[in-house]
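Counting starts at 1 for both ligands and their atoms, following the listed order.
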Amino acid sequence: MKIIMLGAPGAGKGTQAKMIADKYQVPHVSTGDIFRANIKNGTELGMEAKKYMDQGLLVPDELTVKILLDRVAQDDCKNGYVLDGFPRTIPQAEVLDKALTELGDKIDYAINVDVPDENIIKRMSGRRACLSCGATYHIEHIPPKKEGICDRCGSELVLRDDDKEETVKNRLDVYHKQTQPLIDFYTEKGVLKEVDGTRSMEEVFQAITEILG
Ligand code: AMP
């Protein structure tokens, strides 16, 4: 099963993607996580990506497409995957579509987690992330057991630079201009499914499992 998660930054698609990955036993592939891992390890790719990420801008398609295609070509992705944060532009979607078509394959579902901008801005300021293991929390909705500390690995939690208010506003702008057109792209392909992302995490997941079966 090959699934794409669509939705504005902060719509909760990352959390849902992880839950889908767990339930359906497919890898969770997040281009944002791959970039952050590269930044942490000080790679050339990481340094290049950071310039864009810190401003809330998209990393150029050439860089992003390459890391994504390399990742989904790995063995664990043979039976499917859930893509979180990719594609984010029409050219990215076209490259993925072409690569899959060449393999006689296709995306099964593109799930749009729909949340209005006002809710997003409120939510993002409460987000906390663990830069060591990639776990994410929310001070109100998914608090860690101990304030400021990652449940999974014990590292300190931070408000990511790209979750700060100014950056969030830029990211929403970028989302509306560059990513929202993907809703039409996948509607035309007949695989788009909408879920109301303003409901609780459990309710959103319930709606998604009803779609995926
Ligand atoms: P995320 O964790 O998915 O919200 O991604 C964090 C940041 O990484 C984004 O704001 C972008 O700067 C960059 N990024 C992640 N995925 C992509 C993508 N598919 N295309 C371009 N930039 C991306």
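Residue-ligand proximity, Thr31 to ligand 1, at heavy-atom distances under 4.0 Å covers atoms 15 (C), 16 (N), 17 (C), 19 (N). Counting the atoms of ligand 1 from 1 in the order shown, those under 4.0 Å from a heavy atom of Gly32 are 2 (O), 5 (O), 15 (C), 16 (N). Of all the atoms in ligand 1, the ones that sit under 4.0 Å from a non-hydrogen atom of Val59 are 13 (C), 21 (C), 22 (N). In the vicinity of Thr64, heavy-atom distances shorter than 4.0 Å reach the ligand 1 atoms 18 (C), 19 (N), 20 (N), 21 (C).
Applying the side-chain contact (heavy atoms from CB on, under 4.5 Å) criterion to Ala129, with sequence neighbours excluded, gives Thr136, Arg160.
Looking only at side-chain heavy atoms (C-beta outward), Tyr81 and Asp76 stay at 4.5 Å or farther from each other. Residues Asp163 and Ser125 fail the side-chain proximity criterion, which asks for heavy atoms closer than 4.5 Å.
In this structure, the protein non-hydrogen atom closest to atom 23 (C) of ligand 1 is Phe35 CE1, 3.8 Å. What sits closest to atom 20 (N) of ligand 1 on the protein, heavy atoms only, is Gln92 NE2, 2.9 Å. Of the protein's heavy atoms, Arg171 NE, 3.4 Å lies nearest to atom 10 (O) of ligand 1.
In this structure, Lys51 does not count as a contact residue of ligand 1, since none of its heavy atoms falls inside 4.0 Å of the ligand.
When heavy-atom distances to ligand 1 are checked against a 4.0 Å cut-off, Leu58 comes that close through both its backbone and its side chain. Contacts with ligand 1 closer than 4.0 Å are made by no heavy atom of Met124, backbone or side chain. Within the 4.0 Å heavy-atom criterion, the part of Leu57 lying near ligand 1 is the backbone and not the side chain.
Counting non-hydrogen atoms of other residues, nucleotides and ligands closer than 6.0 Å to CD of Glu210 gives a total above 12. With a 6.0 Å radius and a threshold of 12 heavy atoms from other residues, nucleotides or ligands, Gln180 has its CD atom above the threshold.
Note that Lys50 lies outside the cation-pi zone of Tyr52, set by a 6.0 Å cut-off to the ring centre and a 45° limit from the axis.
Checked against a 3.5 angstrom limit, the closest N/O atoms of Arg88 and ligand 1 fall inside it. Of the N or O atoms in Gly85, one or more lie within a sub-3.5 Å distance of an N or O in ligand 1. Considering backbone and side-chain N/O of Tyr52, none are found under 3.5 Å from N/O of ligand 1. Considering backbone and side-chain atoms alike, Arg36 places an N or O below 3.5 Å from some N or O of ligand 1.
Summarising the geometry, atom CG belonging to Asp61 is positioned 8.0 Å from atom CD belonging to Gln178; distances are rounded to the nearest 0.5 Å.
By the 4.0 Å N-to-carboxylate-O rule, Lys18 lies too far from Asp22 to be salt-bridged with it.
Side-chain polar atoms of Asn41 and Thr43 form no donor-acceptor pair below 3.5 angstrom.
Between the side chain of Asn170 and the backbone N or O of Gln55 there is at least one donor-acceptor pair closer than 3.5 Å.
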